[in-house]
> 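Quick one: the structure is below, questions incoming.
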Amino acid sequence: MTGDVLERLTTAGVSVWLDDLTRDRLADGSLAALVRSRRVTGATSDPSMLAKSLCDSPFYAGQLDDLAHRGVRAEQALRLVTTHDIRWACDILRPVHEATGGADGLVSVGIDPPASPTTPGPPSPRPASCGGSPAGPTSWSGSRRPTRA
């Protein structure tokens with residue numbers, strides 16, 4: 001879509017959401033630029049995009065290494081990674097949220113339901129596989145150093 005199409009949509013009252021929230025977009029400032037252009041008013045993240053980004057992006061390296069070094073279980077590590085990114089996106093979208101009285105400026109994250117009705121705890125992002133064996137819910141490994149958890 002071109003800027004003109006997005007401008008017409010926003011003028012017509014359509015809220016434009018980015019359906020590709022990754023740490024790359026957060027770290028390189030592209031989400032902030034899209035928000036500043038007054039076109040993007042919300043963002044979504046889903047487990048498959050997170051899995052691809054975890055495997056391909058250098059922006060997760062430090063946090064993943066730190067979590068692995070501390071022995072954090074894969075399911076909890078994914079929750080921490082996801083929470084970090086969602087909070088960061090919320091900070092970027094806060095001015096939109098405030099300007100629209102909460103109608104826009106929201107961030108959505110896709111989650112998997114528990115494996116069964118008897119599985120305790122809230123739903124969480126699913127563990128991902130990065131070119132090797134899948135990361136299980138109880139163990140994983142990393143080889144990188146942290147930025148922050």
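Computed from heavy atoms alone, side chains included, the values below leave out hydrogens, waters and symmetry copies.
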> Quick test of your reading: applying salt bridge (charged side-chain N to carboxylate O under 4.0 Å, His left out), list the pairs with at least one residue in residues 82-95, sequence neighbours left out, ordered by first then second residue.
Arg23-Asp85
> Of all residues at least two apart in sequence or in a different chain, which pass the side chain to side chain donor-acceptor pair (under 3.5 Å) check with Thr10?
none
> Using atom types as modelled and distance alone, determine if a side-chain donor or acceptor of Ser57 lies under 3.5 Å from a backbone N or O of Leu54.
no
> Name all residues meeting the side chain to side chain donor-acceptor pair (under 3.5 Å) criterion together with Ser15; count only those two or more places apart in sequence or in a different chain, and write none if there are none.
Asp104
> Indicate yes or no: at least one non-hydrogen side-chain atom of Arg8 is less than 4.5 angstrom from one of Val5.
yes
> Clusters formed by hydrophobic residues whose side-chain heavy atoms approach within less than 4.5 Å: which one holds Leu106, and what are its other members?
Trp17
> Answer whether the closest heavy-atom distance between the side chains of Leu50 and Asp46 falls below 4.5 Å.
no
> With side-chain contact (heavy atoms from CB on, under 4.5 Å) as the test, would you mind laying out the steps for Val107 and Ile92 before giving the verdict?
CA-CA 10 Å; Val107 181; Ile92 292 169; over 6 Å; no
> Considering only heavy atoms from C-beta outward, does the side chain of Leu21 approach that of Leu26 to under 4.5 Å?
yes
> List in chain and number order the residues that pass side chain to side chain contact (heavy atoms under 4.5 Å, CB included) with Ala99, two or more places apart in sequence or in another chain; answer none if no residue qualifies.
none
> Considering residues at least two apart in sequence or located in another chain, which fulfil the salt bridge (charged side-chain N to carboxylate O under 4.0 Å, His left out) criterion with Asp24?
none
> Do you know the tightest heavy-atom contact between Ser108 and Ile86?
O-CD1, 4.4 Å
> Using the side chain to side chain contact (heavy atoms under 4.5 Å, CB included) criterion, which residues pair with Ala103? Sequence neighbours excluded.
Thr100
> What's the spacing between His84 NE2 and Gln63 CD if we round to 0.5 Å?
5.5 Å
> For Thr44, enumerate each residue passing the side chain to side chain donor-acceptor pair (under 3.5 Å) test, keeping only those at least two apart in sequence or located in another chain.
Asp19
> Sequence neighbours left out, what passes side chain to side chain contact (heavy atoms under 4.5 Å, CB included) with Asp20? Give chain and number order.
Leu18, Thr22, Arg25, Met49
> Where do Gly105 and Val96 come nearest, in terms of heavy atoms and distance?
N-CG1, 3.5 Å
> Would you give the length of the straight line joining atom CZ of Arg79 to atom CG of Leu67, rounded to the nearest 0.5 angstrom?
13.0 Å
